[in-house]
Every structure is written in C-alpha cells, then in structure tokens.
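Here is the structure we will look at, set down as structure tokens.
Residue numbers begin at 1 in each chain, while the letters A, B, ... track the order of the sequences.
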Number of protein chains: 2
Amino acid sequence: MEALISDLKSRLKEKGYKLTTQRRIILDVILENQGLHLSPEEIYDKVKNKYPEIGLATVYRTLQLLEELEIVYKLNFNDGCNRYEINSNSNDHRHHHLICLNCGKVIEVEIDLLENLEEEIEKEGKFKIVDHNVKFFGYCEDCSK
Amino acid sequence: MEALISDLKSRLKEKGYKLTTQRRIILDVILENQGLHLSPEEIYDKVKNKYPEIGLATVYRTLQLLEELEIVYKLNFNDGCNRYEINSNSNDHRHHHLICLNCGKVIEVEIDLLENLEEEIEKEGKFKIVDHNVKFFGYCEDCSK
DNA sequence: TAATAATTGATAATCATTTTCTTTTGATAA
DNA sequence: TTATCAAAAGAAAATGATTATCAATTATTA
Ligand SMILES: [Mn+2]
Ligand SMILES: [Mn+2]
Ligand SMILES: [Zn+2]
Ligand SMILES: [Zn+2]
C-alpha cells in the first residue's frame, strides 16, 4: 500500500499534477476497502469522516484521474453507478467477479485461465488484446439453498 | 427470426402481456441490426421510420420487458448508454466482444472456451455459474497500424 | 514576493432512464 | 356486437448519477 502511494506520487508528478490531501485520502479509503467495490458516493461518505470539507465533485474528479493513471479500475455491476477498486496488477493478471443473481454479493476469483481463449482470438491476427473484463453470474453458496 | 417472434408471442402470453405493434417493431429493428448493438435512442430513431407515433418511453419499457423475457441482452461498453442485442442463445453459448481502445469498434467472437475456467471455479463448490459476460480490450486490425 | 498554474468546493447543467398520468387499445364475456 | 377492464402507449415531468462552470484557495516557479 505504501508502494501505491509513492507510485501515485510519481505518476502524478510525471504529468504535472499534485498529490493533495484529498487525493491521498481518497486513495487511502479505496485501499482500506479492498474487495468492497465502492461507488463514488460511498467513497465520498467514507472520506468525509477523515476530511469533512471534501466535495463530491472532487471525489468524481479524483476517481477519473486515478483511473487515467491506471491506479484504480472502474467496474460496472449494472446497479446504477460505477464502482472502483485498486488496479493491483497493471501488467497482466486481472481478477474476475462472480455476481450472485439472488443476493447481489460479489466474489473475487484470482485464477485467470484466459490464455487459451486469448491465444485463440489473437491467432486470427485481427485483434491485439491488452486487457479483459470477465463477469460470471450465478448463485453463491448461501443462495444455492 | 420468425422463431423469435413466435417465441416472443408465447412468452408474453405466458405472463399476461400483449404483443403490440410497437413491441413487434422494436424487436424487428433489433433483429435487422444484428451485431450493431444499438442503444435505446438509436432504436427509437429507427423505429420512428416505421411507426412515427412511437414514444421514447415505450422503447425503454419494451427493452426492459424483452430483457426480462430473455429475448434481448443488455450490454455496457461504457460509452454513456446501455446497448442491446438479440439473446440468440438463452441456453449455453454466449459470444464475446472485442473492443478497440482506439476507434471503439466492437467485434464479435463466437468461440467460447470458458469451460475450463468455469469448471475450475465451480470445483470449489462455492458458486454455481449460469451465465457470463466477457469483454476483451485491445486494438483492431486497422488500429494496429 | 509576485506571477502562474493547478486544485478545490459549491452550484448549476447534462443526459440517460424512470415515473406519473391520462388516453387508447385489445381481449373477453355477456 | 357491445360493455368491461386490465394492459399499454405517449407526453411530460421527475430522478439521479455524472460533468461542467466559476470564483476562491493553494502550491510552484521565476
Ligand atoms: Mn474486484
Ligand atoms: Mn454482440
Ligand atoms: Zn447470494
Ligand atoms: Zn480500431
């Protein structure tokens, strides 16, 4: 997590941006809530505990910026808002999400196993893959009865 | 395509809904534009050519209904609106999408190849998979230079 | 220290989608 | 066929997430 903050600092500087208190706290909140996939509003609420003067617009702006810098990743679970998580692996591995159709719970899966599929797709020579996004829908343990 | 219309008719009747002209035309437009992933607004424009009195709210309402009946499938390419396509295979096979990060073009891939991954996930016994959604990001032929 | 550029917070504006409400339509029974 | 009644449609207003605007503040540079 320290690595991420210094990462942020250098990537910001690189583009002439500053590491402000607000930005750092927003990233802190996301870091402290790994796996929860917070929405901007939820992040706003949590940040307000640490920095009550924060404005909602700043949260939106910062999330945009962090996404641009590939420090966070934007998710869409079709529940009316975007959600964000740390982009732990800018390089290769990206985890998948299992979404329970009954209770809405979101479970993370670390195995990737897309190599075959990606290879097969690139074999055609018509597309160069650099990232993917995989969601599985079904029923979690509790909801399977 | 005829199959889909009669499918629609029976699934509607099953739930006490009616097959109206508007609903049929909306489905026709989606059928006539396979692979284009139209947005509600785009569907509205095309339907207006055949039925100028249609209202936008009817399009939204019908899309919701068709999705509920599993006749269409809702997609999100993060471009500010939802998009819809025929849910050609309610059973098993669902095609994937390749999205060009440069020009935005969307290409469909028919190979599935997720069996291994799904098996591996279900092996843990914590989740029963019934559907998936897979997007690949990268560069299309034209944009790879 | 003065000048300049970046950042913020408050507020207004956008824009896709939903709701509300009144009128119309269509299936069914008398 | 006609009366009845729920479903459906269209117009218009409302909602709600996100974005843009703008004046004030803060950090950096000359
Ligand atoms: Mn996650
Ligand atoms: Mn498609
Ligand atoms: Zn569940
Ligand atoms: Zn392209």
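Summarising the geometry, the separation between CD1 on A/Ile25 and C1' on C/dT7 is reported as 15 Å, rounded to the nearest angstrom. Rounded to whole Å, atom P of C/dT18 lies 10 Å from atom CD of B/Glu67. In this structure, CZ of A/Arg24 is placed 17 Å from C1' of C/dT7, rounded to the nearest angstrom. For the pair A/Asn76 CG and C/dT17 P, the interatomic distance rounds to 11 Å; values are reported in whole Å. Rounded to whole Å, the distance from CD1 on A/Ile54 to C1' on C/dT7 is 11 Å. The distance between atom CZ of B/Phe77 and atom C1' of C/dA16, rounded to the nearest whole Å, is 17 Å. At whole-Å resolution of the value, NZ in B/Lys18 and C1' in C/dG26 are 5 Å apart. Taking atom CG on A/Leu63 and atom P on C/dT8, their separation rounds to 12 Å, with Å as the unit.
If you look at B/His95 and B/His93, their ring centroids are not closer than 6.0 Å.
Mapping B/Thr21 and A/Gln22 onto DNA chain C by nearest heavy atom places A/Gln22 closer to the 5' end of the strand.
Figure legend. C/dA30 is base-paired to D/dT1; pairs are counted as Watson-Crick or G-U wobble with both atom distances under 3.5 Å.
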### Message
Test salt bridge (Lys or Arg N to Asp or Glu O under 4.0 Å) on A/Arg11 and A/Glu14; report intermediate values, then the result.
### Response
CA-CA 5 Å; A/Arg11 287 193 215 182; A/Glu14 208 170 282; over 6 Å; no
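At the heavy-atom level, B/Tyr51 lies under 4.0 Å from the strands shown only through sugar-phosphate atoms. As judged by a 4.0 angstrom heavy-atom cut-off over every strand, A/Arg61 is placed among the base-contacting residues.
Of the possible donor and acceptor atoms, one in the side chain of B/Arg23 sits under 3.5 Å from a partner among the backbone N and O of B/Lys18. A distance-only check finds no donor-acceptor pair linking the side chain of A/Glu85 to the backbone of A/Leu75 [under 3.5 Å].
Between A/Lys50 and A/Asp28 there is no salt bridge, since no side-chain N of the basic residue sits under 4.0 Å from a carboxylate O of the acidic one.
For A/Thr58 and C/dT8, the shortest distance from a side-chain N or O to OP1 or OP2 is not below 4.0 Å. For the OP1/OP2 pair of C/dT7 and a distance below 4.0 Å, the side-chain nitrogens and oxygens of A/Thr20 include no atom meeting the criterion.
Checked options B/Leu38, B/Leu31, B/Ile30, B/Leu36; the residue passing with B/Gln34 is B/Leu31 (criterion: side chain to side chain contact (heavy atoms under 4.5 Å, CB included)). Partner B/His97 forms a ring pair (Phe, Tyr, Trp, His ring centres under 6.0 Å) with one of B/Phe77, B/Phe136, B/Phe137 and no other, that one being B/Phe77.
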Could you list the protein-to-nucleotides 15-19 of chain D atom pairs, N/O on both sides, closer than 3.5 Å?
from	atom 1	to	atom 2	distance (Å)
D/dT18	OP1	A/Asn82	N	3.0
D/dT18	OP1	A/Asn82	ND2	3.1
D/dT18	OP2	A/Tyr60	OH	2.5
D/dT19	OP2	A/Gln64	OE1	3.2

